[in-house]
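The structure under discussion appears below in the form of structure tokens.
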Amino acid sequence: MKAIYTRTIGVYDHKLSEAMEISKGLAEVRKKHYPDHEVYFSIQIGGNPRAIRETVIGEHFDEKAMERDSNMSSDPKYAELMKKMESVFKEGTMQDEFRIIFND
């Protein structure tokens, strides 16, 4: 079943450039483990631009879903980037959302 997954995380005001670099690395890792998915990282323009959003569009509930997620989670580069996030992204601001695509 095709779906849109988004994760939005707040960023400390003076850490936006670091957050963007970490996000570029996360995009590489995500694309490696989810090669058939569309992967985007973005920042908001206007309002509160101090947030990064990851968007992943593709099959999330097929037989390979758990394997892809497990492989990405155990990727050393992913673990390194997650550690870097601790001083850049605001704790407690993460919001996840899944939306099922029904007209595809």
Side-chain angles (χ1 to χ4, degrees):
M1 183 176 304
K2 196 170 184 181
I4 302 168
Y5 165 74
T6 60
R7 169 171 281 171
T8 304
I9 311 173
V11 178
Y12 289 107
D13 288 343
H14 61 290
K15 300 279 188 162
L16 189 57
S17 62
E18 288 178 63
M20 291 170 68
E21 287 303 313
I22 291 168
S23 296
K24 287 177 186 178
L26 289 171
E28 290 175 13
V29 173
R30 176 71 80 171
K31 287 177 183 181
K32 173 183 169 185
H33 296 284
Y34 291 77
D36 298 331
H37 290 63
E38 295 176 62
V39 177
Y40 306 97
F41 280 79
S42 59
I43 58 171
Q44 182 176 335
I45 302 298
N48 180 4
R50 301 296 185 236
I52 298 280
R53 176 172 289 165
E54 175 184 13
T55 303
V56 182
I57 303 170
E59 296 293 330
H60 288 277
F61 303 103
D62 61 5
E63 65 278 355
K64 297 180 184 178
M66 294 296 277
E67 181 182 344
R68 284 190 302 258
D69 190 52
S70 177
N71 289 341
M72 187 178 77
S73 295
S74 63
D75 188 305
K77 184 171 181 178
Y78 182 76
E80 174 190 331
L81 292 164
M82 295 302 287
K83 184 72 176 160
K84 287 182 180 181
M85 287 176 67
E86 292 176 5
S87 64
V88 176
F89 291 85
K90 293 181 181 177
E91 187 174 337
T93 63
M94 185 183 299
Q95 295 180 342
D96 291 343
E97 182 178 90
F98 259 111
R99 292 185 170 264
I100 304 302
I101 298 172
F102 61 86
N103 70 326
D104 195 25

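Heavy-atom basis, side chains included; hydrogens, waters and symmetry copies ignored.
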Rounded to the nearest 0.5 Å, how far apart are [atom1] of [X] and [atom2] of [Y]?
X: Met1; Y: Phe61; atom1: CE; atom2: CZ; answer: 7.0 Å
X: Met72; Y: Leu26; atom1: CE; atom2: CG; answer: 8.0 Å
X: Arg50; Y: Phe89; atom1: CZ; atom2: CZ; answer: 12.5 Å
X: Arg99; Y: Thr55; atom1: CZ; atom2: OG1; answer: 11.5 Å
X: Arg53; Y: Gln44; atom1: CZ; atom2: CD; answer: 7.5 Å
X: Met85; Y: Glu80; atom1: CE; atom2: CD; answer: 13.0 Å

Hydrophobic clusters here meaning ILVMFWY residues chained together by side-chain heavy-atom distances under 4.5 Å, can you tell me if Leu16 and Met94 are in one? yes

According to a 4.5 Å side-chain heavy-atom criterion applied to Ile, Leu, Val, Met, Phe, Trp and Tyr, with indirect links allowed, do Ile4 and Ile100 form part of one hydrophobic cluster? no

Where is the tightest heavy-atom contact between [X] and [Y], given as atom of each residue plus distance?
X: Ala3; Y: Phe98; value: CB-CD2, 4.1 Å
X: Gly25; Y: Leu81; value: C-CD1, 3.4 Å
X: Lys90; Y: Ile9; value: O-CG2, 4.3 Å
X: Val56; Y: Arg30; value: CG2-NE, 3.7 Å
X: Thr93; Y: Gly10; value: OG1-N, 2.8 Å

Between Glu54 (side chain) and Phe41 (backbone), is there a donor-acceptor pair under 3.5 Å? no

Within the distance-only criterion (no hydrogens, no angle test), does the side chain of Ser70 pair as donor or acceptor with the backbone N or O of Met66 below 3.5 angstrom? no

Side chain to side chain, Asp62 and Arg68, heavy atoms closer than 4.5 Å: yes

Report yes if the side chains of His37 and His60 come closer than 4.5 Å at any heavy-atom pair, otherwise no. yes

With the threshold set at 4.0 Å, does a side-chain nitrogen-carboxylate oxygen contact exist between Glu28 and Lys24? no

Any Lys/Arg nitrogen of Lys64 or Glu67 sitting under 4.0 Å from an Asp/Glu carboxylate oxygen of the other? no

Glu97 atom CD, neighbour heavy-atom count above 12 within 6.0 Å: yes

How about Lys15: does its NZ atom have over 12 heavy atoms from other parts shown lying under 6.0 Å from it? yes

Quick check on the 6.0 Å ring-centre criterion: do Tyr34 and Tyr5 meet it? no

As a test of understanding, state which of Val88, Val11, Ile52 forms a side-chain contact (heavy atoms from CB on, under 4.5 Å) with Met20. Ile52

